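Lettering of chains follows the sequences in order, A, B, ..., and the numbering in each one begins at 1. Note that the structure is a prediction, hence the values are computed from the model and not measured.
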Number of protein chains: 2
Amino acid sequence: MKNRIQELRREKHMTQEELASLCKVTRQTIISLENGRYNPSILLAHKIAKIFGLSIEEVFIFEEE
Amino acid sequence: MKNRIQELRREKHMTQEELASLCKVTRQTIISLENGRYNPSILLAHKIAKIFGLSIEEVFIFEEE
DNA sequence: CGGCCATGTTAAGTAAACTTTACATAAAAA
DNA sequence: TTTTTATGTAAAGTTTACTTAACATGGCCG
């Protein structure tokens, strides 16, 4: 699964720190998501999508798995 | 977070066993999701939504959290 | 130059998702 | 009545998401 977090965060001129605190997770978590180390929980995915004003499917790209 | 898994599964006349094998998880996982013991991973949420031909947001209801 | 800011790495720990196995029960079918 | 089918519970174990903390680096600004 790919995601557009870094791209969308930069569009909004947000730092990892700012996004993390909006989501109420740590900066490490944002780094791990942006760098593809693991996938977010569905709740975190929803929070992130909401912050960007998009649906989960618009932020997280599910390729064949 | 609430979900409509049981409702949608019954609409499709599917057993927990059938849904589980389509998702490639165990029946226990489906039971746990239907009975609200825990939330699915984003990958499992996506698979389930896909099986029902819906978006994640149509199957999983995010109330204020 | 020197310091700060944003990003990244590593590692160890906790919490939550998911598995495996075993057993229980009610309803339908044989 | 006995068996089968669908659903559920419980407990212990593995894997993955997330935290905490410490340290590294390149870019920018004074």
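Annotation: the span from A:Gln6 atom CD to A:Ile31 atom CD1 amounts to 10.0 Å, rounded to 0.5 Å. B:Met14 CE to B:Ile51 CD1: the interatomic distance, rounded to the nearest 0.5 Å, is 6.5 Å. Taken to the nearest 0.5 Å, the CD1 atom of A:Ile48 stands 12.0 Å off from the CG atom of A:Leu54. For the atom pair CG of B:Leu33 and CZ of B:Arg9, the computed distance is 11.5 Å after rounding to the nearest 0.5 Å. The NZ atom of A:Lys47 sits 11.0 Å away from the CG atom of A:Leu19 when rounded to the nearest 0.5 Å. Note that the CD atom of B:Glu18 and the NE2 atom of B:His13 stand 11.5 Å from one another [nearest 0.5 Å].
Here the side chain of B:Glu57 pairs a donor or acceptor atom with the backbone of A:Ile56 at under 3.5 angstrom. Checking side-chain atoms of B:Arg4 against main-chain N and O of B:Glu58 turns up a donor-acceptor pair under 3.5 Å.
If you measure from atom CD1 of B:Ile31 to atom P of C:dT25, you get 16 Å, rounded to the nearest angstrom. Separating the CD1 atom of A:Ile5 from the P atom of C:dT7 is a distance of 13 Å, rounded to the nearest angstrom.
A 4.5 Å side-chain heavy-atom check between A:Phe62 and B:Ile42 finds at least one atom pair inside the cut-off.
Heavy-atom contacts of chain B under 4.0 Å fall on DNA chain D between two terminal nucleotides, which in 5' to 3' order are D:dA6 to D:dA10.
Looking only at atom types and distance, the side chain of A:Ser32 has no donor-acceptor partner in the side chain of A:Thr29 under 3.5 Å away.
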Protein-nucleotides 13-19 of chain C N/O pairs under 3.5 Å:
| residue | atom | partner | partner atom | Å |
| --- | --- | --- | --- | --- |
| C:dA17 | OP1 | B:Asn39 | N | 3.3 |
| C:dA17 | O5' | B:Asn39 | O | 3.4 |
| C:dC18 | OP1 | B:Ser41 | N | 3.0 |
| C:dC18 | OP1 | B:Ser41 | OG | 2.7 |
| C:dC18 | OP2 | B:Ser41 | N | 3.3 |
| C:dT19 | OP2 | B:Thr26 | N | 3.0 |
| C:dT19 | OP2 | B:Thr26 | OG1 | 3.0 |
| C:dT19 | OP2 | B:Thr29 | OG1 | 2.2 |

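A heavy atom lying under 4.0 Å from DNA chain C marks the following residues of residues 16-23 of chain A, by number: A:Gln16.
Among the atoms of the strands shown, none is found under 4.0 Å from any heavy atom of A:Arg10.
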